[in-house]
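Single-structure report; data block below.
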Amino acid sequence: MAKHAFLSASRAHQWLECTPSAMLELQFPATTSEYAEEGTAAHELAELTARYFLGEVSEVDFEARRDELAKGPYYSAEMQECANDYARLILDKVTEARKTCEDAFVELEVKVDFSKYVKEGFGTGDCIIVADKTLEIVDFKYGKGVRVEAEGNPQMRLYAVGAYLAYNALYDFELVRMTIFQPRLSGVQSSDEITVKELLTWAEKYVKPRARLAYKGEGEFAPSEDVCRFCRAKAQCKARTEKNLALFDESPDTFLLTPDEAGKILEKAADIQSWLTDLQNLVSSTLLDGKPVEGWKMVEGRSNRKFADELKVAEAMKAAGYDEALLYERKLITLTQMEKDFGKKAVAEVLGGLIVKPQGKPTLAPQSDKRPEYKPEAEILKAFEEA
Ligand code: SF4
């Protein structure tokens with residue numbers, strides 16, 4: 001199993017904000033999820049495909065290794081397509097870099113050491129492109145649940161710090177470019193640039209002191225929806241509990257809430273829903289472990305009737321005189337399943353205009369959301385023009 005740093009780059013957004021969290025988490029076992037395992041499989045395939053595109057692996061070796069990976073439970077045509085897109089992106093970036101720097105080179109799955117700023121800090125960068133003046137970091141994210149932005153992203157910056165320290169002696173870097181490639185979110189690519197001077201100032205003035213606090217488990221807790229999302233202490237953390245419960249202490253002056261007051265409460269309460277789910281999971285798993293929790297018990301959930309044996313059911317209905325054709329329905333698999341099985345591009349090529357995207361229902365989102373604002377007047381005008 002891969003060794004993980006106590007203060008890892010991938011969790012930096014958490015321990016840099018909430019410095020005591022890394023130490024508090026040690027009380028809880030590290031768990032893995034189906035999504036994490038799927039992500040690991042996708043990374044292996046992406047790396048292999050990129051090496052093949054870059055000419056580091058022969059076709060025969062690529063196919064043999066890919067066939068091995070394809071035996072795993074997570075492999076799909078969609079995963080291969082994402083790996084191809086990632087490999088193409090890397091190849092394009094290297095080709096571009098070589099236009100201005102002949103000896104530009106690329107390294108995949110590189111262990112980077114940033115322990116100069118974070119005690120025992122290291123991580124693995126998916127791709128580093130080294131050229132004169134510019135250092136480029138590319139990160140492949142297979143998940144599609146949460147969109148990850150490159151702008152100000154501490155994980156990417158720590159990889160950049162490690163890569164800078166590793167290659168600085170040979171190259172004269174001025175700029176660092178960081179790109180996150182998240183192909184399952186409609187090929188989202190998000191990039192950020194920072195000068196080497198700004199990067200090193202950030203590492204020295206911001207990261208170093210906070211890493212010192214984090215290493216000792218000191219500093220202030222900083223609960224928020226984003227920071228607590230992957231914290232192993234999140235269900236039992238008192239700081240998060242206090243922050244969420246404090247909401248109920250605030251009583252408005254008048255009898256009725258204004259929409260502005262409701263908006264302010266929603267803003268502060270962003271973490272409440274997932275916090276309640278975390279509490280439910282904690283209490284349920286304790287009870288399922290056979291330990292009591294005052295005021296709670298597990299009961300049998302609601303279940304639906306179903307056929308004990310589908311073949312026997314069909315036989316019985318036919319024997320009773322019902323037409324077999326009426327017993328079955330033929331349904332297309334979903335678009336998501338089709339793309340997973342046959343690949344997004346292949347499906348788009350065959351179906352073209354047969355895939356439509358209906359307009360989504362207006363959904364509430366904070367001002368910080370990247371999507372453009374829904375304007376009811378514009379929609380009415382559009383409907384009027386189309387009529
Ligand atoms: S749950 Fe949130 S506030 Fe509590 S330790 Fe973890 S990250 Fe910090």
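Order of appearance sets the numbers: ligands from 1, and atoms from 1 within every ligand.
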Near Val227 (heavy-atom distance under 4.0 Å), the atoms of ligand 1 are 7 (S)
To the nearest 0.1 Å, how far is atom 2 (Fe) of ligand 1 from its closest protein heavy atom, and which atom is that? Cys228 SG, 2.4 Å
May I ask you to decide if Glu149's main-chain N or O and Asn153's side chain share a donor-acceptor pair within less than 3.5 Å? yes
Backbone or side chain, does Cys18 get an N/O/S atom under 2.8 Å to atom 8 (Fe) of ligand 1? yes
Test applied, side chain to side chain contact (heavy atoms under 4.5 Å, CB included); reference residue, Phe173; option that passes from Val196, Asp132, Thr134: Val196
With a cut-off of 4.0 Å, which atoms of ligand 1 are near a heavy atom of Lys234? 1 (S)
Ignoring hydrogens, what is the shortest heavy-atom contact between Ala314 and Leu327? Give both atom names and the distance. O-CD1, 4.0 Å
So, 2.8 Å as the limit: is an N/O/S atom of Cys237 located closer than that to atom 6 (Fe) of ligand 1? no
Aromatic contact, Phe105 with Tyr167 (centres under 6.0 Å): yes
What is the ring orientation for Phe140 with Phe181, classed by angle as parallel under 30°, tilted 30 to 60°, or perpendicular over 60°? tilted
To check your reading of the model: name the closest protein heavy atom to atom 6 (Fe) of ligand 1, its residue, and the distance in Å. Cys231 SG, 2.4 Å
Identify the heavy atoms of Asp192 and Glu151 that sit nearest to each other, and give their distance. OD2-CA, 3.4 Å
Taking only non-hydrogen atoms of Ser21 and a 4.0 Å limit, the atoms of ligand 1 in range are 5 (S), 6 (Fe), 7 (S), 8 (Fe)
